[in-house]
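Working notes, beginning with the structure itself.
Positions are given from 1 along the sequence.
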Amino acid sequence: MGFIGDQVESIRSMQVRQVLSQIISLGMIVTSALIIWKGLMVATGSESPVVVVLSGSMEPGFKRGDILFLTMSNEPIRTGEIVVFNIDGREIPIVHRVIKVHERQESAEVDILTKGDNNFGDDRLLYAQGQLWLQKHHIMGRAVGYLPYVGWVTIVMTEKPIIKYLLIGALGLLVITSKE
């Protein structure tokens, strides 16, 4: 009959109570993951405590597919730090190094200029139209650690959505059909 046929038959043979129990277990797993994510957000002070490097602009330091761990503190941002920032009008965060910081004494505001280590020029062409500097509210966090290559899973699932749907479907089927 095959693997899929066996799984379908397994679901049919389950009692309603057992199916509901498995669905609740799946919901608890998803809820636990969300709670862990929110806990990391609170602990690190960053809206996104983990990001994946999506381009080669930071090579050789960080390669495409590396996972960065972020934190956001009240410490002033300094030249040389690696930050992750959002640009107005774009959803995907950018990982680059701070190359200039201007602190205005009268207003205590900070202007930040960034650049990818593997790029020729600064990031002013990446910023929103007419924007020459980043402000503190653009910064999502500072890189404090990384795991090499682990983010490739995310990149592959983003670039090839069919793999993501097959994986989610297989995992959901596995959870629902597993016997306790």
Side-chain angles (χ1 to χ4, degrees), residues 1-58 61-75 77 81-96 114 126 128 134-180:
M1 194 187 246
F3 176 75
I4 294 178
D6 291 342
Q7 296 303 318
V8 170
E9 187 59 36
S10 174
I11 291 173
R12 284 186 184 151
S13 68
M14 295 172 91
Q15 297 176 356
V16 173
R17 185 178 203 149
Q18 189 176 10
V19 171
L20 287 175
S21 173
Q22 297 295 29
I23 291 171
I24 289 171
S25 293
L26 180 62
M28 289 177 65
I29 290 169
V30 171
T31 303
S32 296
L34 290 173
I35 290 171
I36 290 169
W37 183 258
K38 290 294 184 181
L40 283 172
M41 287 174 66
V42 170
T44 63
S46 175
E47 64 187 80
S48 182
V50 178
V51 294
V52 176
V53 178
L54 298 174
S55 75
S57 67
M58 285 302 291
F62 298 116
K63 294 180 176 41
R64 188 169 191 243
D66 290 352
I67 288 184
L68 298 181
F69 299 102
L70 306 180
T71 186
M72 193 64 191
S73 65
N74 290 331
E75 298 281 322
I77 293 172
E81 286 186 309
I82 296 171
V83 295
V84 177
F85 59 91
N86 274 329
I87 296 173
D88 299 332
R90 292 192 184 176
E91 291 182 25
I92 299 175
I94 298 172
V95 179
H96 281 175
T114 57
L126 292 176
L134 294 175
Q135 276 69 48
K136 185 114 173 154
H137 71 273
H138 292 111
I139 306 296
M140 293 173 60
R142 303 171 184 177
V144 292
Y146 79 104
L147 279 174
Y149 309 114
V150 179
W152 271 104
V153 173
T154 302
I155 291 172
V156 168
M157 287 195 292
T158 301
E159 291 178 353
K160 302 201 182 323
I162 188 71
I163 294 174
K164 175 173 44 178
Y165 299 129
L166 287 172
L167 183 63
I168 291 171
L171 289 174
L173 191 61
L174 186 68
V175 168
I176 290 173
T177 61
S178 67
K179 309 278 188 202
E180 291 186 62

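Scanning both residues, Y146 and F69, for their nearest heavy atoms gives N-CD1, 3.9 Å. Pairing each heavy atom of S73 with each of K136, the nearest pair is O-NZ, 3.7 Å. Closest non-hydrogen pair, V84 versus P93, comes out as CG1-CB, 3.6 Å. Residues V144 and T71 share a closest heavy-atom pair of CG1-CG2, 3.2 Å.
To the nearest 0.5 Å, atoms OG1 (T114) and CD1 (I82) are separated by 11.5 Å. Rounded to the nearest 0.5 angstrom, L134 CG and I87 CD1 are separated by 6.5 Å. Separating the NZ atom in K63 from the CH2 atom in W152 is a distance of 12.0 Å, to the nearest 0.5 Å. The CG atom of D88 lies 5.5 Å from the NE2 atom of H137; values are rounded to the nearest 0.5 Å. Rounding to the nearest 0.5 angstrom, the gap separating the CD1 atom in I77 from the CD1 atom in I139 is 4.5 Å.
Residue pairs meeting the side chain to side chain donor-acceptor pair (under 3.5 Å) criterion with at least one member in residues 159-172, sequence neighbours excluded, are R64-E159. Residue pairs satisfying the salt bridge (charged side-chain N to carboxylate O under 4.0 Å, His left out) criterion with at least one member in residues 137-152, sequence neighbours excluded, are listed as follows: E81-R142.
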Contacts under 3.5 angstrom, residues 26-53 side chains, donor-acceptor by atom type, not counting sequence neighbours:
{"unit_1": "T31", "atom_1": "OG1", "unit_2": "G27", "atom_2": "O", "d": "2.8"}
{"unit_1": "S32", "atom_1": "OG", "unit_2": "M28", "atom_2": "O", "d": "2.8"}
{"unit_1": "T44", "atom_1": "OG1", "unit_2": "L40", "atom_2": "O", "d": "2.8"}
{"unit_1": "T44", "atom_1": "OG1", "unit_2": "S46", "atom_2": "N", "d": "3.3"}
{"unit_1": "S46", "atom_1": "OG", "unit_2": "S48", "atom_2": "N", "d": "3.3"}
{"unit_1": "S46", "atom_1": "OG", "unit_2": "S48", "atom_2": "O", "d": "3.1"}
{"unit_1": "S46", "atom_1": "OG", "unit_2": "M140", "atom_2": "O", "d": "2.7"}
{"unit_1": "S48", "atom_1": "OG", "unit_2": "V50", "atom_2": "O", "d": "3.2"}

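Listed for the D66 side chain is a donor-acceptor partner under 3.5 Å among the backbone atoms of Y149.
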